Amino acid sequence: MNYPFPEPLIPPRRAEVHELLTIDPATIHVGGSRMHASDTFHRLHEALAQAERPLVVLGPERDAHLVEAVFSLADRTGLPILADIISPGTGSSQAVCHYDAILQAAPEMIAPPDFVLRFGAEPTSKALASWLAKSHARVFVCDDTPLYRDALGVANDVVVGGVECGVTHLDAALTTSARAYTAAWRRADDAARRFIERFCAVNWFEGTAVRATVESLHRGERLFLGNSRPIRDADALARPRSGVAIDGNRGASGIDGLTSTAFGEALGSGAPTVLCIGDVSFYHDTNGLLAAKRFGVPLVIVLIHNDGGGIFQHLSQASRPDALHHFTTPHGIMFQPVIEAFGGRYVEVEGAEMLRQAVRDGIARGELTVIQVTFANEASTQVYKRLFADLRRELEREMAR
């Protein structure tokens, strides 16, 4: 039995409980090797051709061939594509890199879509998920498994199987309104990029640290993103270089075993690997550091330390001060002795340039290196609030021109 619970995932006040939430089931279409010749494909093609505000959403997806096909579709048609940070490939000229920041700052600034073509797993961005749920768009979810990913129940049609084949043959001339919609996304993304670059250049906070970590990696290297703030900051604020493989443990999106998974990726790929992780996640898997000594696996870890994790100050729990303290977990642990006990090298830095240099040095050494950057939780919360408030004003000015 599957009961999807609406957020916030804390007991509501009795007066706020009004009615049961019901979700209409999606229509399932089974594809195949000739999906492009099926009735399903024609329905999809017609819906795309008639859309006035079409959008492609690419959630976390490890199939590089499918990702390339989706990017190619966006380039052929001119569709705007919102691609999750965990999606391999060379990218697309139609990619909207800072959609999460835009939707956090000013979700009403961009008109909601009337047609969504979604691939991959559930997107990391909660702002995107909430925005799509309120859009009432016709949503096609394309997945290679009948156990399709649609936690919010927004899918109207689900195409199962033959996805890459269908996408390769999908083409449509966009309406005038659809082309204007793409242009609006491009203007907003360009404005957000310029603003974020300026903001992060003068503000040192968790987002700047994650952004600097992403920027420090070169083609052929790997980045593993911890859950909570690191992956959200990367999704909202960072622009990875082409050829950098980015991964993370999504799905249930828990924090257990993240360090061990990163060691496994480093060992399995043989590529220089960096893990960006929060202090609570790091604490939960300190035993994973044994892999460095026992198997000689080199790993660079960027440890975002704000003594207890700041994610819940940015989620729905923050609206309930009476319950927030049940979610935050300050611990007061000094990690240097722990890291050195496992044979690792501990470095503490401050500032984006020092962090980028420390990452490059750690990769060059080829050993376990933990680079700690330290922040005060309450102060950082205020920086994020200023970031999105100022970005909103910037977007208002740009979109009013």
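Reckoned from all heavy atoms, side chains included, excluding hydrogens, waters and symmetry mates. All of these numbers come straight from a predicted model, not from anything done at the bench. Throughout, residue positions are numbered sequentially from 1 according to the sequence presented.
The pair Arg250-Glu122 fails the salt-bridge criterion, with no side-chain N (NZ, NE, NH1 or NH2) lying under 4.0 Å from an Asp/Glu carboxylate O. Under the 4.0 Å criterion applied to side-chain N and carboxylate O atoms, Glu108 and Lys134 are not assigned as salt-bridge partners. Using a 4.0 Å cut-off between charged nitrogen and carboxylate oxygen, Asp233 and Arg211 do not count as a salt-bridge pair. For Arg393 and Glu396, the salt-bridge test fails: no basic side-chain N is under 4.0 Å from an acidic carboxylate O. Residues Asp235 and Arg232 are not paired through a salt bridge, judged by the lack of any N-O separation under 4.0 Å between the basic side chain and the carboxylate.
In this structure, the ring of Tyr346 has its center no less than 6.0 angstrom from the ring center of Phe335.
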side-chain contact (heavy atoms from CB on, under 4.5 Å) evaluation trace for Asp150 with Val154
CA-CA 7 Å; Asp150 182 34; Val154 298; 3.4 Å; yes

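In His65, the NE2 atom is not crowded: 12 or fewer heavy atoms of neighbouring residues, nucleotides or ligands sit closer than 6.0 Å. Environment of CD in Glu350: sparse, with no more than 12 heavy atoms of neighbouring residues, nucleotides or ligands closer than 6.0 Å. Summarising the local packing, OH of Tyr283 is surrounded by 12 or fewer heavy atoms from other residues, nucleotides or ligands at distances under 6.0 Å. Heavy-atom contacts from other residues, nucleotides or ligands closer than 6.0 Å to CZ of Arg198 number more than 12.
Side-chain contact between Asp84 and Glu61: absent, with no pair of heavy atoms (C-beta onward) separated by less than 4.5 Å.
The salt bridge (charged side-chain N to carboxylate O under 4.0 Å, His left out) check on Arg149 picks up Asp143, with sequence neighbours excluded. Annotation: salt bridge (charged side-chain N to carboxylate O under 4.0 Å, His left out) contacts of Asp285 (sequence neighbours excluded): none.
Taking the ring axis of Tyr384 as reference, the NZ or CZ atom of Arg229 stays within 45° of it and closer than 6.0 Å to the ring centre.
When atom types are taken as modelled, the side chain of Asp361 and the backbone of Arg365 share no donor-acceptor pair closer than 3.5 angstrom.
When only modelled atom types and interatomic distance are considered, Thr273 and Glu265 share no side-chain donor-acceptor pair under 3.5 Å. Side-chain contact, Gln50 with Glu46: no donor N or O sits under 3.5 Å from an acceptor N or O.
Using cut-offs of 30° and 60° for the angle between ring planes, the Phe140 and Phe115 rings count as tilted.
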